[in-house]
Amino acid sequence: MALIPFDDRDGVIWFNGTLVPWREARLHVLSHGLHYASAVFEGERVYGGHVFKLAEHSERLANSAKILGFELPVSVAELDRATKAVVKANGIVDGYVRPIAWRGSEMMAVSAQATKINLAVAAWQWPSYFAPEARAKGIRMAIAKWARPAPHTAPTASKATGLYMICTMAKHDAEAAGYADALMLDWRGQVAEATGANIFFVMNGVLHTPTPDCFLDGIPRRSVIGLARQRQLKVVERAIMPAEMASAQEAFLTGTAAEVTPIAEIGPYRFTVGEITRGLMGDYDKLVRTPPAQAA
């Protein structure tokens, strides 16, 4: 199936305060965000015409911008309204939303205090991140050679574009070897996350997940922890070493794109798609499809 380039589609994009035709939402090749990764973004899912946890995503985008030393040109409430307008204008019922803010082309150097902060929001129809058959039986994952950086070496609490360079490289390596994704360790050698999703392990009925001290505490991650506690499951956030995966019976990913995706294997370690994973998959699917007023 031929890919449809993202710069050549129908629809509209909210671009610096205005809904513009999709193909006209452009930036200059000398934009600071392109050269120095001075940009932050979000990934959001639309279910039944509603963006899941929209306010939390908008607030995180604003916080990511502050970590990188700039402010969004609109308030969080205005960003929420812009996002809803884009979803409605494009007729998105079930899809994906990508807000992004970046430094413009007014300066081209490491220093960029005088650059304009640009903001855009796009939305499009999007199927599952992983193939449905892979999700049913669990995905296969490699172990990446790239490590998540330490908090004192990168703005790891932000959803900054530059932090995803090694994620792309790790995922490309994994796919070239026949895997669906890759597990990334952190700079200490501890289990961190996948290339774009958080990870959980079921060990003797207890849910274990790495402490998010050098990677994002994902919004779906927090939602699944809440769902697990509603099921009276014990949830332990802690440092996890790779060898401990041998003690896990189940494993799964959580993320805006991944939702709740079972894992069948990670390198030499094998897991089953068990009762806890299946239960949380169903709980999460129900949660995201509950209208916001009822979910609150």
Would you say [X]'s side chain and [Y]'s backbone share a donor-acceptor pair under 3.5 angstrom?
{"X": "T211", "Y": "R238", "answer": "yes"}
{"X": "R98", "Y": "E42", "answer": "yes"}
{"X": "H35", "Y": "V29", "answer": "yes"}
{"X": "E250", "Y": "T277", "answer": "yes"}
{"X": "R140", "Y": "A264", "answer": "no"}
{"X": "K171", "Y": "A180", "answer": "yes"}
{"X": "T195", "Y": "A170", "answer": "no"}
{"X": "N118", "Y": "A101", "answer": "no"}

Between [Y] and [X], is there a side-chain heavy-atom distance shorter than 4.5 Å?
{"X": "I166", "Y": "M184", "result": "yes"}
{"X": "W124", "Y": "N90", "result": "no"}
{"X": "P151", "Y": "W187", "result": "yes"}
{"X": "F52", "Y": "E44", "result": "no"}
{"X": "E237", "Y": "I225", "result": "yes"}
{"X": "R222", "Y": "K53", "result": "no"}
{"X": "L163", "Y": "R148", "result": "yes"}
{"X": "Q190", "Y": "P210", "result": "no"}

Single-linkage hydrophobic cluster [X]~[Y], side-chain heavy atoms < 4.5 angstrom:
{"X": "F215", "Y": "V40", "result": "no"}
{"X": "V110", "Y": "M107", "result": "no"}
{"X": "L72", "Y": "L54", "result": "yes"}
{"X": "V74", "Y": "I67", "result": "yes"}
{"X": "W102", "Y": "V121", "result": "no"}

(request) Examine the side chains of R103 and T115 and answer whether a donor and an acceptor come within less than 3.5 Å of each other. (result)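 T115 and R103 do have a side-chain donor-acceptor pair below 3.5 Å.
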
Taking every non-hydrogen atom, the tightest pair across [X] and [Y]:
{"X": "A123", "Y": "W22", "answer": "O-CZ3, 3.4 Å"}
{"X": "Q249", "Y": "G205", "answer": "OE1-N, 4.5 Å"}
{"X": "L79", "Y": "L119", "answer": "CD1-CD2, 4.2 Å"}
{"X": "D217", "Y": "R60", "answer": "O-NH1, 4.1 Å"}
{"X": "A174", "Y": "A182", "answer": "CB-CB, 4.0 Å"}
{"X": "M203", "Y": "S247", "answer": "CG-O, 3.9 Å"}

Value rounded to 0.5 Å, distance of [atom1] in [X] from [atom2] in [Y]:
{"X": "D285", "Y": "T290", "atom1": "CG", "atom2": "OG1", "value": "9.0 Å"}
{"X": "I13", "Y": "R26", "atom1": "CD1", "atom2": "CZ", "value": "10.0 Å"}
{"X": "L34", "Y": "S105", "atom1": "CG", "atom2": "OG", "value": "11.0 Å"}
{"X": "L68", "Y": "N63", "atom1": "CG", "atom2": "CG", "value": "10.5 Å"}
{"X": "L287", "Y": "R289", "atom1": "CG", "atom2": "CZ", "value": "11.5 Å"}
{"X": "S58", "Y": "E78", "atom1": "OG", "atom2": "CD", "value": "11.5 Å"}

(message) Evaluate T261 against I263 for side chain to side chain contact (heavy atoms under 4.5 Å, CB included), listing each step before the verdict.
(response) CA-CA 7 Å; T261 295; I263 303 169; 5.8 Å; no

Got more than 12 heavy atoms from elsewhere within 6.0 Å of [atom1], [X]?
{"X": "M108", "atom1": "CE", "value": "yes"}
{"X": "K84", "atom1": "NZ", "value": "no"}
{"X": "E275", "atom1": "CD", "value": "no"}

(request) Apply the side-chain contact (heavy atoms from CB on, under 4.5 Å) test between I266 and each candidate in D181, I143, V191; give the one that qualifies. (result)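 Single side-chain contact (heavy atoms from CB on, under 4.5 Å) partner of I266 among D181, I143, V191: I143.
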
(message) I need the single residue from I219, D283, T254, T209 that forms a side-chain contact (heavy atoms from CB on, under 4.5 Å) with V224. Which is it?
(response)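 Output: one option passes, namely T254.
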
(message) Can you tell whether the side chains of R221 and E193 come within less than 4.0 Å, N to carboxylate O?
(response) no

(message) Quick check on ring pair (Phe, Tyr, Trp, His ring centres under 6.0 Å): which of Y284, F271, F200 does F252 satisfy it with?
(response)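 When ring pair (Phe, Tyr, Trp, His ring centres under 6.0 Å) is applied between F252 and each of Y284, F271, F200, only F200 qualifies.
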
(request) Quick one: do D10 and R23 satisfy salt bridge (Lys or Arg N to Asp or Glu O under 4.0 Å)? Show the steps, please. (result) CA-CA 8 Å; D10 296 325; R23 295 173 182 84; 3.1 Å; yes

(request) Determine, step by step, whether L19 and V86 satisfy the side chain to side chain contact (heavy atoms under 4.5 Å, CB included) criterion, reporting the C-alpha distance in whole Å, the side-chain angles of both residues, the deciding distance to 0.1 Å, and the verdict. (result) CA-CA 8 Å; L19 288 174; V86 169; 3.8 Å; yes

(request) Might you work through the side chain to side chain contact (heavy atoms under 4.5 Å, CB included) test for K137 and V273, ending with a clear yes or no? (result) CA-CA 7 Å; K137 62 183 181 181; V273 184; 5.5 Å; no

(message) I'd like to know whether V202 forms a side chain to side chain contact (heavy atoms under 4.5 Å, CB included) with L207, so could you lay out the CA-CA distance, the side-chain angles of the two residues, the decisive distance to 0.1 Å, and finally the verdict.
(response) CA-CA 5 Å; V202 179; L207 212 53; 3.6 Å; yes

